[in-house]
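I have placed the structure first, in the form of structure tokens, so that the comments after it can refer back to it.
Each ligand, and each atom within it, is numbered from 1 in the order the structure gives. Computed from a predicted structure; not experimentally measured.
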Amino acid sequence: MAQLSPLLKQATPVVADHGEGACLYDTEGRRYLDFTAGIGVTSTGHCHPRVVRAAQEQVGKLIHGQYTTVMHQPLLRLTERLGDVLPDGLDSLFFSNSGSEAVEAALRLSRQATGRPNVVVFQGGFHGRTVAAATMTTSGTRFSAGFSPLMSGVHVAPFPYAYHYGWDEQTATKFALRELDYLFATVTSPGETAAFFVEPVLGEGGYVPGNERFFAGLRERADEHGILLVMDEIQTGFGRTGRFWGHDHFGVRPDIMTIAKGLASGFPLSGIAASKELMAKAWPGSQGGTYGGNAVSCAAALATLDVIEEEGLVDNAAARGGQLLEGARLVGDKTPAIGDVRGLGLLVGSEFSTADGEPDTATAQAAQREAAQRGLLLLTCGAYMNVVRMIPPLVVTAEQVDEALGIWSETVAAVTASA
Ligand SMILES: Cc1ncc(COP(=O)(O)O)c(C=O)c1O
């Protein structure tokens, strides 16, 4: 009999049967508050009726039409519709299936457009698991362990992760930019650098928001040296942070943006956005794939965008995110086991540390298991998996946030009492 690969090891024993809004139900009918949203994917909640209807209708009309030969309506309509929400100047779109593919597309485009070999990524960033994206990922050595040689031309500068350094945000930001300049002076020149790849909020790296000064520093250096600024909005886009794009909080203009996850409420779809001029520099045939821009995924994305707009989900993410962060901080204040609670919108992380300031992976993972037993599904993140993160669907209600915080408070009390 075939078995699941141990690579598919799950953190909780839950076997999902169906989902509705912010809730999942297991095969025995037990209800769970899903504060994972399938790792930030089910933005409109599980099986939103509008998304289900759009997908069902599309399945009956056309499932697959490969864009190199056959263009289809959902792809054309989605492109037009995304034009309403994309940042100024990013008016050209290319579609793929997963976040990692979008990152690869952005990497190829930035090298093709600049003719430069190198990219700079930021410590703690997560960009995916294909070999190139894994090389650009520094949120944990596990993501690239054991399959070297990796891609060449990737250099790493610090991200202003104040808690990690034990500094305030200003000092951490100064340090990050100074180290970037040092990297340019010693290891790779800015003239050899095609792009910066950066997340507005470190996602897998521990839910660490960037800040205005840091991104302004990247933008200044990008403008001065003709480097492209690639914003990886795969986890932070489509309202997740309480603004439409994560970078909207920081007043910075990207040259290329990667999108995925919340775009299509669970149907595989990703892409990159850039200006027409920049996109025209991609070499014909060098980008593409059999399934990118699937018709059913595009139909689901169109419905997702309508739901986000009509149900005011960006504002809901801001309001519920504020409620969640405040509540998680109150829980964190009650125990020395949680050293920092931070986030932006509906991305909230609680970092577990031991008494001597070491990352406390064991307690974070115990909390994740305990919360699941109590009916709350959570994820961990951070280089040491010691940050418990809450990332509910954008449709989460105030009552569900209160219920989750109640479970979280009991969970933390239980795991820290037995520690
Ligand atoms: C910021 C970011 N970039 C890229 C990826 C990779 O996406 P995928 O897992 O769809 O390849 C992720 C996934 O978590 C992500 O959060």
Query raised in the report: What do the steps show when you test Q235 against R240 for side chain to side chain donor-acceptor pair (under 3.5 Å), and what is the final call?
Result: CA-CA 8 Å; Q235 190 154 162; R240 170 59 56 193; over 6 Å; no

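- Between the side chains of T69 and Q66, no donor-acceptor pair is found at a separation under 3.5 Å.
- The proximity of K261 to ligand 1, defined as any non-hydrogen pair under 4.0 Å, is limited to the side chain.
- We find the CG-CH2 distance between L33 and W408 to be 14.0 Å, quoted to the nearest 0.5 Å.
- In terms of polar-atom proximity, Q235 is counted as a contact of ligand 1, with an N or O under 3.5 Å from an N or O of the ligand.
- Between T304 and S43 there is a side-chain heavy-atom pair separated by less than 4.5 Å.
- Below 3.5 Å of separation, one finds no N or O of V103 facing any N or O of ligand 1.
- Checked by atom type and distance alone, the side chain of W245 pairs as donor or acceptor with a backbone atom of V85 at under 3.5 Å.
- Shown in contact with S98 at under 4.0 Å from a heavy atom are these atoms of ligand 1, numbered in order with element: 10 (O), 11 (O).
- For atom 4 (C) of ligand 1, the candidate residues are R129, H127, E233, M136; the nearest heavy-atom contact is made by H127.
- Within ligand 1, the atoms closer than 4.0 Å to a non-hydrogen atom of E204 are 14 (O), numbered from 1 in the order shown.
- Regarding atom 8 (P) of ligand 1, its nearest protein heavy-atom neighbour is G99 N, 3.5 Å.
- Without hydrogens or angle criteria, N386 side chain to A364 main chain gives no donor-acceptor distance under 3.5 Å.
- Distances below 4.0 Å separate heavy atoms of I234 from the following atoms of ligand 1: 2 (C), 3 (N), 4 (C), 5 (C), 12 (C), 15 (C).
- The side-chain contact (heavy atoms from CB on, under 4.5 Å) search around T138 returns V121, Q123, V156, not counting sequence neighbours.
- Within ligand 1, the atoms closer than 4.0 Å to a non-hydrogen atom of F126 are 1 (C), 2 (C), 3 (N), 5 (C), 6 (C), 12 (C), 13 (C), 14 (O), 15 (C), numbered from 1 in the order shown.
- Among protein heavy atoms, the minimum distance from atom 3 (N) of ligand 1 is reached at D232 OD2, 2.8 Å.
- Close contacts of ligand 1 with E199, meaning ligand atoms under 4.0 Å from a residue heavy atom, involve 1 (C).
- The N/O atoms of S100, backbone and side chain alike, include one that comes under 3.5 Å of an N/O atom in ligand 1.
- Judged by distance alone, with hydrogens and angles left aside, the side-chain atoms of E199 form no donor-acceptor pair with the main-chain N or O of D232 at under 3.5 Å.
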